[in-house]
J.: 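I have a structure I would like to understand better, so I am pasting it below and will then ask my questions one at a time.
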2 protein chains.
Amino acid sequence: MANIRDVAKQAGVSVTTVSRVLNDHPYVTEEKRLAVEKAMEELGYYQNINAIHLSKGETRLIGVAVPFINHSYFSTLLNGIADQALVRDYNLVFYQTNYQEQEERKALEALKRKQVDGLLILSRASGWEAVDEYQEFGPIVVCESSNHTRIPCVSVDHYEAFRFGMRYMIQKGHRHIGYCIGRMNGTNSNLREMAYCEELEFIEEPYRKDWVFNNCLTIEDGKRVANEYMSLEERPSALLITSDQVAAGFRMEAEKQGIRVPADVAILGFDNHPIAEALDLTTIELPLHEVGMSLVEKVSSKNPTSAIYPFELVERGSV
Amino acid sequence: MANIRDVAKQAGVSVTTVSRVLNDHPYVTEEKRLAVEKAMEELGYYQNINAIHLSKGETRLIGVAVPFINHSYFSTLLNGIADQALVRDYNLVFYQTNYQEQEERKALEALKRKQVDGLLILSRASGWEAVDEYQEFGPIVVCESSNHTRIPCVSVDHYEAFRFGMRYMIQKGHRHIGYCIGRMNGTNSNLREMAYCEELEFIEEPYRKDWVFNNCLTIEDGKRVANEYMSLEERPSALLITSDQVAAGFRMEAEKQGIRVPADVAILGFDNHPIAEALDLTTIELPLHEVGMSLVEKVSSKNPTSAIYPFELVERGSV
DNA sequence: ATAGGGTATGAAACGCGTTTCATAGCAAGG
DNA sequence: CCTTGCTATGAAACGCGTTTCATACCCTAT
């Protein structure tokens, strides 16, 4: 394939001039510009992007590390990320980590080796130190509501959202409250756990291990929880549930088995996914699309800062 | 940052030897290998990946053009793609096209300019000619069940699946059959339309425009269709519906309004998404995860071939 | 008339790892 | 003793666009 030097020769100019034409530099006479364009046309020339990457030292690529993609939480975030990346003329490279530290490391290495100009970590498996260690190689933003001093985080305030959900249930008269947690977001899960415990303490109720359901990510998990719920000797009267997906599975299965929502058990989902509206689920809306867009904004600046996005209660008929 | 020449100097060897160490070439004595490794350590050396890309002429990156990501059809495909990419040590670059021909073109240009070694097009906005034109620059695989002679396609046989669905309804005694179509997959939609028309002809029923619902992609769309359905003077007794998501929305809304599924209207979804099980939807299962994996397999070979994946009826309680 | 400043252009260096080719030592085969 | 054929190693070329720096012309301001 023809390269820039071939074009220069063909057009009778220097490579510098060809480069100027390619980059719309003003100091090129119309005459030479035309000659260069003609030569490019004749030779079927196009730029080798890797040479550009190498010489410019940037790729206009943003890496995104995500555990898996077919989950509405992440795919909604990704949608926001992709929309904003389009606006800012970035492309995205995708690292599916499956929560493997080693895969996450690959994403970090890609930053170090300049494969990507910046990195977004949607959910973390490795420790803060590991992330911190790579900050010198480029901007990293983590989608987590932590106030880590050295690493920029952009997310919804999961802690406050969960606390708000708890208070909402309490205000509705519930004292026996359980909750579901996904394995997916270590930190976020911890925050929710914290909020849960604190509010329990506030109403002076004990923490009951059998009212905490782990590994809740999908509709099926919700169904599973419904069954576990029914086999409990003593049942909570309210549940905060990881996500609307899980809440939907719970509601469908529970109602199939004759448990009434919200009469027998009140449930509160998170996200405000379309399925929540469809199933008349009260939920806490998380602006994930916006968070996604913000992540890209932050990571494209030299010095990303943290940001917390607000949530909003959407009252429907499940509480 | 230190480069390979610095390392060579520090270790007292040639750059070639350093390169050999980096690439595990056998012709390096243990002694020099250690010297090189020591030098790399001391200088904090790591390879610049863009230089590798440039000199090797490949990037181990596969481009994926997809209209949008937060839709289970695409995110399931992507999940399969990502899983297989991991196995084959490829990374993915993501082109969110929103069905804009111009964005799709960017993905094709990325192939031409060697940003990616191969390209996967999950749904096409531009014509075959446009795609064909870029084949000389690298392997392209389209996720479409077309038997285009010049462009490899890997997908489910949407035509046969839809025909099968029609026959299933017919065999169940239905004569008045409508269907929903998403805007998303031009070709696939056309295939479904074809299958629909042919089967209607077969049972000698007329094509009724008001029994065809367009733009059906999400749960909300399903709800909308349910409302449109109810406002029909004459209603079909069966519907084939774009996807389980849409079918779910339809079922929930219809039942809320007092229409019984399947007594009043039988519905058949596609995909066998978890939501189908949750809502007891009869559906045609499409092996999207496998298709995704296959797409990567195909695109990583020099000469990709086409493949069609089988579907499977999952009988539940909506027909 | 001259200094200053913008316009225009090209040679050469730069970013950096890989690969080809030449060279040389050394052991096995004949 | 000589030819093969490895093993080892390095110089130089290669992939290719960008950027710096030097040069030169021309116009305006002093």
Side-chain angles (χ1 to χ4, degrees), chain A residues 1-40 43-61 109-117 137-138, chain B residues 1-40 43-61 109-117 137-138:
Chain A
M1 190 217 113
N3 65 30
I4 199 173
R5 280 161 237 269
D6 299 326
V7 174
K9 195 176 292 173
Q10 175 98 351
V13 300
S14 70
V15 294
T16 316
T17 298
V18 177
S19 178
R20 289 199 181 96
V21 171
L22 287 167
N23 293 283
D24 287 318
H25 189 286
Y27 292 171
V28 182
T29 53
E30 192 59 18
E31 184 193 341
K32 302 224 170 191
R33 180 184 309 279
L34 291 174
V36 169
E37 278 164 1
K38 180 156 164 284
M40 293 198 296
L43 296 172
Y45 172 80
Y46 48 88
Q47 289 168 290
N48 179 318
I49 205 142
N50 292 314
I52 300 178
H53 290 339
L54 174 60
S55 73
K56 287 209 173 165
E58 63 157 44
T59 57
R60 297 214 68 78
L61 244 33
E109 281 292 317
L111 180 66
K112 180 170 177 179
R113 299 169 75 185
K114 298 188 191 299
Q115 167 138 221
V116 296
D117 293 347
F137 304 113
Chain B
M1 191 215 110
N3 64 31
I4 199 174
R5 280 161 237 268
D6 299 327
V7 174
K9 195 175 293 173
Q10 175 98 348
V13 300
S14 69
V15 293
T16 316
T17 298
V18 178
S19 178
R20 288 201 181 94
V21 172
L22 287 168
N23 294 283
D24 287 317
H25 190 284
Y27 291 172
V28 182
T29 53
E30 191 59 16
E31 184 193 339
K32 304 225 169 193
R33 181 184 308 279
L34 291 174
V36 168
E37 278 163 1
K38 179 155 164 286
M40 293 197 295
L43 296 171
Y45 171 80
Y46 49 87
Q47 289 168 291
N48 179 318
I49 205 142
N50 292 313
I52 299 177
H53 289 340
L54 174 61
S55 72
K56 286 210 171 161
E58 65 159 40
T59 57
R60 297 214 68 80
L61 244 32
E109 280 291 318
L111 180 65
K112 180 169 177 178
R113 298 169 73 185
K114 299 188 190 303
Q115 167 137 222
V116 296
D117 293 347
F137 303 112

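Chain A is the first sequence line, chain B the second, and so forth, proteins listed ahead of strands; every chain is numbered from 1.
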J.: For A:Val28, answer base if it contacts any base atom (sugar-phosphate contacts may also be present), sugar-phosphate if it contacts only those atoms, and nothing otherwise; contact means non-hydrogen atoms under 4.0 Å.
T.: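 Sugar-phosphate: the residue A:Val28, judged by heavy atoms under 4.0 Å, touches backbone atoms but no base.
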J.: If we only count heavy atoms from C-beta on, is the A:Ile4 to A:Leu22 side-chain gap below 4.5 Å?
T.: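 Sidechains of A:Leu22 and A:Ile4: in contact.
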J.: Going 5' to 3' along DNA chain C, between which two nucleotides do contacts with chain A fall, using a heavy-atom cut-off of 4.0 Å?
T.: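 In short, chain A contacts DNA chain C from C:dG6 to C:dC16.
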J.: Decide whether A:Ser19 and A:Thr16 meet the rule of one side-chain donor and one side-chain acceptor closer than 3.5 Å.
T.: no
J.: Could you tell me whether A:Lys114 atom NZ has more than 12 heavy atoms of other residues or ligands within 6.0 Å of it?
T.: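 It does not: A:Lys114 NZ has 12 such atoms or fewer within range.
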J.: Compute the angle between the rotation axes at the two ends of the helix from C:dA1-D:dT30 to C:dG30-D:dC1, each taken over five pairs, rounded to 10 degrees.
T.: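 That helix has its two terminal axes inclined by roughly 40°.
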J.: Please classify the nucleic acid contact of B:Thr17 as base, sugar-phosphate, or nothing, using heavy-atom distances under 4.0 Å.
T.: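 Contact class for B:Thr17: sugar-phosphate only.
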J.: Students often get this wrong, so: under 4.0 angstrom with heavy atoms, is B:Thr29 touching a base, only sugar-phosphate, or nothing?
T.: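 Sugar-phosphate only.
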J.: Does A:Asn50 reach a base, just sugar-phosphate, or nothing at all? Heavy atoms under 4.0 Å.
T.: nothing
J.: Any heavy-atom pair between the side chains of A:Asn48 and A:Asn3 that's under 4.5 Å?
T.: no
J.: Could you check whether A:Leu54 gets within reach of a base, just the sugar-phosphate, or nothing at all, counting any heavy atom under 4.0 Å?
T.: base
J.: Would you kindly compare B:Val13 and A:Tyr45 by the position of their nearest DNA chain D nucleotide and give the one closer to the 5′ end?
T.: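 Final value for this comparison: B:Val13.
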J.: Distance check needed: D:dT7 P versus B:Glu31 CD, whole Å only.
T.: 18 Å
J.: 5'-most contact on DNA chain C: A:Ser55 or B:Leu22, nearest heavy atom basis?
T.: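 Result of the comparison: A:Ser55.
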J.: Would you mind classifying the nucleic acid contact of B:Val18 as base, sugar-phosphate or nothing, using non-hydrogen atoms under 4.0 angstrom?
T.: nothing
J.: Categorize A:Ile4 for me: base, sugar-phosphate, or nothing, with a 4.0 angstrom heavy-atom threshold over every strand shown.
T.: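 It contacts base atoms.
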J.: Looking at OG of B:Ser14 and CZ of B:Arg5, how far apart are the two atoms once the value is rounded to the nearest 0.5 Å?
T.: 10.5 Å
J.: Are side-chain heavy atoms of A:Tyr46 and B:Glu109 found at a separation under 4.5 Å?
T.: no
J.: Any donor and acceptor pair, going by atom type alone, linking the side chain of A:Thr59 with main-chain N or O of A:Gln115 inside 3.5 Å?
T.: yes
J.: Checking the side chain of B:Asn50 only, and the main-chain atoms of A:Asn50 only, is there a donor and an acceptor separated by less than 3.5 Å?
T.: no
J.: Is the backbone N or O of A:His25 less than 3.5 Å from a side-chain atom of A:Asn23, with the two atoms forming a donor-acceptor pair by type?
T.: no
